[in-house]
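Note that this is a predicted model, so its numbers are computed, not measured. Throughout, protein chains are lettered first and strands after them, A, B, ... in sequence-line order, and every chain is numbered starting at 1.
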Protein chains: 2
Amino acid sequence: MAPLTAQQDNFPQWYQDVLTKAKLAENGPSRGTMVIRPNGYALWERMQAEVDQRIKSAGAHNAYFPLFIPMSYFEREAEHVEGFSPELAVVTHGGGKELNESLAIRPTSETVIGEYMAKWIDSYRDLPLLLNQWANVVRWELRPRIFLRTTEFLWQEGHTAHSSEADARDYAVTILRDVYEDFMRNVLALPVIVGRKTPKERFAGAQNTMTCEGIMRDGKALQMGTSHELGQNFSRAFNIKYSPADGSPELCWTTSWGSSTRMVGGLIMGHGDDKGLVVPPALAPIQVAVVVVKDNDGAVTQVAKKLTQDLMARGLRAKLDDNLAQAFGWRATDWDLQGVPVRIEIGPRDLAEDSAAIFRRDTQSKERVTLDSVADQAQRLMTTIQADMLAAATARRDALITDCTTLDEVREVAQTGIARMPWASVGTAGEQELATSGVTVRCL
Amino acid sequence: MAPLTAQQDNFPQWYQDVLTKAKLAENGPSRGTMVIRPNGYALWERMQAEVDQRIKSAGAHNAYFPLFIPMSYFEREAEHVEGFSPELAVVTHGGGKELNESLAIRPTSETVIGEYMAKWIDSYRDLPLLLNQWANVVRWELRPRIFLRTTEFLWQEGHTAHSSEADARDYAVTILRDVYEDFMRNVLALPVIVGRKTPKERFAGAQNTMTCEGIMRDGKALQMGTSHELGQNFSRAFNIKYSPADGSPELCWTTSWGSSTRMVGGLIMGHGDDKGLVVPPALAPIQVAVVVVKDNDGAVTQVAKKLTQDLMARGLRAKLDDNLAQAFGWRATDWDLQGVPVRIEIGPRDLAEDSAAIFRRDTQSKERVTLDSVADQAQRLMTTIQADMLAAATARRDALITDCTTLDEVREVAQTGIARMPWASVGTAGEQELATSGVTVRCL
Ligand SMILES: [Zn+2]
Ligand SMILES: [Zn+2]
């Protein structure tokens, strides 16, 4: 297996190499789409499980809305499908004939969910209405990059309606903090920068857009989750009203929020190194690989199998690698590539000495320990590695951040890192000026 | 709330009433699509979790393939999209322009998965390749019925490749028995009839199609999951070959298998009664509802809340209903409608007597028990109700089955029930004759 391109030689090529060699994902048959292979999908499934659990704790319920949205929902005046937003994919034929009304593939379910919310909400007793959906969406993409920007991607989108501005605001913040930030920080071990977007970068129709920005190993920021306060703009457009305990119907206050398969890209670029992925234990689909280095009489395999079972009985996600048909070196390289946090290696010599080697993927350090303490050790490492990875990512992030006092300084710093400057000193004019140099204000 | 249409008056209308009144699902904005509401989606989520766990135990890995399939994958000769299968929905526009090649929305991912399998399989060491996908698919439907037959539906499709016919056959049977039948019998409490389809009813290209048929409360059978042995037909079409340890490349033996949101329809129609859904405990998103009947000083609510926590600590999915703004009768009717297996009702009088009422949804029986035994009782009922529901469904099923010796008898019986007759006595000719009377051979 040829080694990966080094990150500092060509970061985008390193990213592409990791996708291919770790068998995470590849291009689909039509432009801009991706095939997520089992190794990549396992990461997404774990993300889904953790985010979903937090969404449910925040009180939202999952539902499912259709893939097809009548074109009339987007604009009522356009005459031909070319008149619509270029991000839309449009179905013009179905059932073997041309359709009377073309159907868009959802770029988001916002419009449909708005319509049904209006139908489902009657009195204040129906509020808050807290909905979430896990689904695929399509936004035509001319410069696709797997996981980061694809024509079709997987995501969750939440839409909620409330009876007061304060309640909607609190909920948008709860999602931002208790769902996204908590997940990214404590599961992904990414010290995301959390804050508000400038009016210019805000979601259309939002009165406030909040974001979690992850800092990647090339020093760039990646938007990994957003939460919007929509005020009454959305409910006005969809006529989402409720009857209060007294008085006449009033418009609801709504929020929306989303996170997507882009988080897989964030995980890869936020922690990966020149040997491949580095996955934090709290996320890892496989936390411990128990590797039979060599075996002459089956004795090593037997011990390794028993150890794997012991680890699983402790609630760890462990996997036995007794694939002796493949050279040990090749397998070790592959476990590195997959970023499995801990690897336990056992060969005949280890067995004779009642010991095993325990390897940490994050620090690449190896230690010899006694066989009967190795499971304890692996279990303890889960907590240690998780904390160390967050600390290391935080140190990398902080090293990139420079406090600036002038726009010139900001421009300078933004070449290779992240500039921090009081918004009062930047302002909308400063933001516009920075934009001409390709610098974006990511987060307030 | 107006009562449901009685099953025996009009079963399809009863089904529609349950969907609407229990807020399970409704029609989407474009014909044939559905909006799955939180109550309905919670059922599907539980099904997904249970089926997914079994699929993983059978060794398959989840992956994700694109929604869009180039039209060339379907037929290479058709000139215009009207020339393609009427089940396809076709995207002709994207990125604001007409596409050079139209894209079909996947009716299944079979063709794409075949292409990638061919790419990923090299040697016998890559086999078996066991893939599964959870996704939405689209098949244009002229007579849609929610959950049973919709243009867009959610499903899982498995595709596997093996190095021998026996291995492929074993795997197809493992999926049928250990995934589908086990789930339907032990979680859904539906005593599905498991067997093979006749050559006429087989999936196109399959050399053997096996099915799980659920028996609904109107006496009709519903196909709830299928598993196909595809022999080498599929690998020949997609050139899926592997190199054996010795010798030249050989075609793989493949299987495919699927189950869908139709199972939600099967659950509703397999157990539901004139009061609504009846959900078996092993599936139920809410297993126990703890209902505060009335409360004068908060004492009842406090006890009910503690009881709910106690139930949850025991691992039960319990929910507190302290919604005193709504009349108790209305709430009880709604819990019935939702089919929650056990309801515990507590009011001030119960509290004074240190007792509670415990209600079983399946038998509609109510018992008074002491407060300190009610959690134990509820926990025990989970097992009892699960077993009793399966037994009741089995008795209903068996009462519908009549052994027949002539085709005339079969025709007679099939009006209201299920006829059983040796296939040797029916045969393909008999099957054809029965088809003219609208009788289908469901399962061998
Ligand atoms: Zn046409
Ligand atoms: Zn056109």
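For the options A:Ala89, A:Ala25, A:Gly95, heavy-atom pairs under 4.5 Å to chain B are most numerous at A:Gly95. For the options A:Gly96, A:Gly40, A:Pro66, heavy-atom pairs under 4.5 Å to chain B are most numerous at A:Pro66. Ranked by heavy-atom pairs under 4.5 Å with chain B, the list A:Pro70, A:Pro86, A:Ala42, A:Ala104 is led by A:Pro86.
Atoms CG and OH, on A:Leu131 and B:Tyr41 in that order, are 12.5 Å from each other to the nearest 0.5 Å. Atom CG of B:Asn323 sits about 8.5 Å away from atom CZ of A:Arg125, to the nearest 0.5 Å. Here B:Gln48 contributes atom CD and A:Trp134 contributes atom CH2; the two are 12.0 Å apart, rounded to the nearest 0.5 Å. Atom-to-atom distance recorded for A:Trp140:CH2 and B:Lys97:NZ is 10.5 Å, nearest 0.5 angstrom.
Only the side chain of B:Glu45 comes within contact range of chain A, with at least one heavy atom under 4.5 Å from a heavy atom of that chain. Of the atoms belonging to A:Leu99, it is side-chain heavy atoms, and not backbone ones, that fall under 4.5 Å from chain B. A:Thr150 does not touch chain B: none of its heavy atoms, backbone or side chain, sits under 4.5 Å away. Heavy atoms closer than 4.5 Å to chain A are found in the side chain of B:Thr151, but not in its backbone.
Inter-residue side-chain proximity for B:Ile36 and A:Gln133 is flagged as unmet; no heavy-atom pair is nearer than 4.5 Å. For the pair B:Pro38/A:Asn62, no side-chain contact is recorded, criterion being any heavy-atom separation below 4.5 Å from C-beta on. In this structure, the side chains of B:Ile105 and A:Leu67 come closer than 4.5 Å at one or more pairs of heavy atoms. Between B:Tyr64 and A:Leu154 there is a side-chain heavy-atom pair separated by less than 4.5 Å.
In this structure A:Arg54 satisfies the salt bridge (Lys or Arg N to Asp or Glu O under 4.0 Å) test together with A:Glu50, A:Asp182, sequence neighbours excluded. In this view, A:Tyr171 and A:His162 satisfy the ring-ring contact (aromatic ring centres under 6.0 Å, His included) rule, not counting sequence neighbours.
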From CA spacing to verdict: side chain to side chain contact (heavy atoms under 4.5 Å, CB included), A:Asn136, B:Asn136:
CA-CA 8 Å; A:Asn136 54 343; B:Asn136 54 343; 3.1 Å; yes
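With a 6.0 Å radius and a threshold of 12 heavy atoms from other residues, nucleotides or ligands, A:Lys56 has its NZ atom above the threshold.
Proximity to chain B at a heavy-atom threshold of 4.5 Å picks out A:Glu26, A:Asn27, A:Gly28, A:Pro29, A:Ser30, A:Thr33, A:Met34 from residues 26-34 of chain A, in numerical order. For residues 109-122 of chain B, heavy-atom neighbours of chain A at less than 4.5 Å comprise B:Val112, B:Glu115, B:Tyr116, B:Lys119, B:Trp120, sorted by residue number.
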